[in-house]
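Written out below as structure tokens is the structure these notes cover.
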Amino acid sequence: MCGITGWISFDRDLGTQSAALDAMTETMACRGPDAHDTWIQGPAALGHRRLAIIDLPGGRQPMTVDTPQGSVCLVYSGEAYNFTELRSELSGRGHRFTTRSDTEVVLRGYLEWGERIAERLNGMYAFAVWDARQDRLLMIRDRMGVKPLYYYPTSDGVLFGSEPKAILANPQATARVTADGLRELFTMVKTPGHAVWDGMAEVEPGTVVTVNRTGVHRQVYWELETRPHTDDRDTTIATVRSLLDDIVRRQLVADVPRCTLLSGGLDSSAMTALAARQLGAHGEKVRSFAVDFVGRTDNFVADELRGTPDTPFVHDVARAAHTEHQDIVLDPQALADPAVRANMIRARDLPTGFGDMDASLYLLFRAIREQSTVALSGESADEVFGGYQQFFDEEARRGTTFPWLVRFGRHFGDDSEVLRPELLGTLDLGGYVADNYRTATAGISRLDGESDLEYRMRRISHLHLTRFVRALLDRKDRASMAVGLEVRVPFCDHRLVEYVYNTPWALKSFDGREKSLLREATADLLPRSVYDRVKSPYPSTQDPRYAAALQDQVKDLLTHPAHPVFALVDPDRLRRLLHRDSPVSTQAERRGLERTLDLALWMDLYRPEIRPN
């Protein structure tokens, strides 16, 4: 896991631009605290920050092979979980290795197969290869989009980086956000390829982007495909378990301390139990970590979203799996700390509006990083197996918009309501969402004879796996890499995703519950309490002191009417929220305050040029 960046300028020699490349590379020091280096040759300049996970002394980058036709240089971020098999195959083809790293396997694999190396990789990765033999740059991203990668075409080439901040550090890039970027920012649709920043694009998951003297070219090497599923229930359950055993085994490989993120839900509990069994066979124990809030378990109040606190279930799993467990307990002062909010905005380069859920994730990862370098997460199991409430909500099923927006609107309201009315009129967020929904659903294939219900559920699954999960994966990557922690996501293995995606909904929910296949595939590992537990979303603090802190910070912001945030946010709407008799009582009101504070800090930190018209 690392941070990569680079600059290709076909019309100049970048040998004099080392300071600019150093500045781009340094922006990602948190992603790679263990080492850094740069490489410049003619029109190509590549930078790398390293978080050492495998072959600590031998995996330094940029990694180069000199050939008679020219140099081939790689900067790579992520993990290839099948690198051992690929190394053996490449050795049989005559390649000689000087390190034990997966980075060298990817580089040698490129020399052997070119861009088709992507089709052979199992893992999470984003990498760039400068090939002087063909005078071209290739940028390749993993199938599910676990690792980020952005690019910014210039008049004679391209800038690229793991995060927008690396690109924005180059004087050729402009930190500008237009109306289209604001639309993406204030809706939860995660348009593939969209980067919010004007002129910048995201390398889409499962895609190879080639840059040469003729321009930028895209080629898709993987996408979700509709296929018949012929396995019966028992075979399907057994296949899911077999895949999970193999996936977790591969993702436990590391030369540094590992742990699991444990929430007490089905996903993280199953993953933790699998890891505990596999490591236990070698005499090792799993470390597990959970997030909690001061007084939450004792003072928990059930609502429609969360029926139970996490901690009792977490402890049940920790006891059953014999993990070395630790609760990371957070207080409202830490969650509301503007410095923590600023750190998360710097990590994501955008004002996300997730409030205490972003803050708690960052603080959890920061605490874990003191003891571990690699963590396994249960992220994406809900998207793969059908765990969210909207999968069972008839309005969301039959609606003509993204199903999560139906649920979010019902429970959390619309945080864009704090924006100026004239801005909302200009942006037409409803129209933007509708256009995106039509585009997102247009290419989803239907099997011959597939019922209307099955096809609706296929569409919902497809939307979650190609839109919703990407926003969550980006959030987790940025929060973890901001503290130099590598988070792996076993449920994003493309083999599992492909298999379960094509499993009919009747099998995915054969007992009338969410994630039936995952529950039965890991039933032998789970405490009964977790087996029977109803899905609960990521926790959010219920402490009124957090809401009070938000109000105080917004009141202070209102004393600075010249702040640029008020070009977007309506101060009168904020005052109406603050002048109510009781503290902020609804999720919508709280999210409006969080969104405002995020926007204000983002403007302070990035000084973006906003062009809403």
Side-chain angles (χ1 to χ4, degrees), residues 2 4-18 21 25 35-50 54-55 57-78 80 82-121 123 125-141 149 151 156-161 203 207-219 221:
C2 307
I4 66 173
T5 192
W7 180 6
I8 306 300
S9 178
F10 290 107
D11 293 343
R12 63 198 296 191
D13 186 331
L14 294 178
T16 61
Q17 299 299 317
S18 59
L21 180 62
T25 306
H36 69 278
D37 207 349
T38 58
W39 180 89
I40 300 178
Q41 187 180 90
L46 279 63
H48 187 264
R49 293 288 317 204
R50 187 184 185 205
I54 294 173
D55 189 8
R60 296 183 67 90
Q61 301 182 48
M63 189 173 286
T64 306
V65 172
D66 294 320
T67 77
Q69 294 78 35
S71 298
V72 179
C73 186
L74 169 74
V75 282
Y76 170 80
S77 170
N82 63 335
F83 78 97
T84 301
E85 298 97 311
L86 288 175
R87 180 189 177 102
S88 296
E89 182 178 357
L90 288 164
S91 294
R93 292 172 175 263
H95 291 269
R96 297 293 175 260
F97 292 85
T98 61
T99 75
R100 296 185 297 106
S101 70
D102 60 333
T103 302
E104 188 177 10
V105 171
V106 174
L107 178 56
R108 293 285 171 181
Y110 172 76
L111 293 174
E112 181 69 29
W113 299 301
E115 57 263 39
R116 299 199 68 179
I117 177 62
E119 301 168 20
R120 292 175 171 265
L121 295 176
Y125 48 85
F127 60 92
V129 180
W130 169 251
D131 191 339
R133 301 171 305 173
Q134 302 181 54
D135 211 21
R136 69 175 186 176
L137 176 79
L138 271 74
M139 295 177 283
I140 299 177
R141 193 171 177 205
L149 186 56
Y151 64 99
D156 69 339
V158 71
L159 307 170
F160 70 87
V203 177
T207 301
V208 179
V209 174
T210 303
V211 183
N212 56 28
R213 291 183 182 275
T214 65
V216 178
H217 314 276
R218 294 175 60 257
Q219 177 184 347
Y221 70 88

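Keep in mind the model is a prediction, meaning the values are calculated, not measured.
- Separation of atoms CD1 (I117) and CG (L138) is listed at 12.0 Å; rounding is to 0.5 Å.
- Looking at T98 and E104, their side chains come closer than 4.5 Å, going by heavy atoms from C-beta outward.
- Ion pairing between a basic and an acidic side chain is recognised when a charged N comes within 4.0 Å of a carboxylate O; R108 and E112 show no such pairing.
- The heavy-atom pair separating V75 from G47 by the smallest distance is CG1-O, 3.7 Å.
- Side chains of I40 and S18 form a contact here, defined as non-hydrogen atoms less than 4.5 Å apart.
- Contact check on D135 versus R213 returns a salt bridge, with a Lys/Arg side-chain nitrogen under 4.0 Å from an Asp/Glu carboxylate oxygen.
- Across A45 and L21, no two heavy atoms sit closer than the pair CB-CD2, 3.7 Å.
- Side-chain contact between T210 and E115: absent, with no pair of heavy atoms (C-beta onward) separated by less than 4.5 Å.
- Residues Q17 and S9 are not in side-chain contact: their nearest non-hydrogen atoms beyond the backbone lie 4.5 Å or more apart.
- Contact check for Q61 versus R50: no side-chain heavy atoms found under the 4.5 Å cut-off.
- If you take CD1 on I8 and CG on L137, they are separated by 4.5 Å, rounding to the nearest 0.5 Å.
- Across all non-hydrogen atoms, the minimal contact from G70 to T67 is O-OG1, 2.6 Å.
- For the atom pair OH (Y76) and NE2 (H48), the distance works out to 9.5 Å, reported to the nearest 0.5 Å.
- For the pair M63 and V106, the minimum side-chain heavy-atom distance is 4.5 Å or more.
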Next item on the list: Start with the C-alpha distance between V209 and F160, add both sets of side-chain angles, then the distance that settles side-chain contact (heavy atoms from CB on, under 4.5 Å), and finish with yes or no.
Entry: CA-CA 11 Å; V209 174; F160 70 87; over 6 Å; no
Next item on the list: Go through the steps to decide whether D102 and Y125 satisfy the test side-chain hydrogen bond (donor to acceptor under 3.5 Å, both in side chains), and finish with yes or no.
Entry: CA-CA 11 Å; D102 60 333; Y125 48 85; over 6 Å; no
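- Put simply, the side chain of N82 gets close to the backbone of R120: a donor and an acceptor are under 3.5 Å apart.
- Two residues are said to be in side-chain contact when any heavy atoms from C-beta on lie closer than 4.5 Å; Y110 and F127 fail this criterion.
- To the nearest 0.5 Å, atom CG of residue L46 and atom OG1 of residue T64 are 8.0 Å apart.
- Here the CZ-CZ distance, from R136 to F10, works out to 11.0 Å after rounding to the nearest 0.5 Å.
- Here the shortest heavy-atom pairing between A126 and L149 reads CB-CB, 3.9 Å.
- Remark: S91 OG to R96 CZ distance equals 6.5 Å, nearest 0.5 Å.
- For the pair L90 and W113, the minimum side-chain heavy-atom distance is below 4.5 Å.
- Counting non-hydrogen atoms of neighbouring residues, nucleotides and ligands closer than 6.0 angstrom, the CZ atom of R133 exceeds 12 such neighbours.
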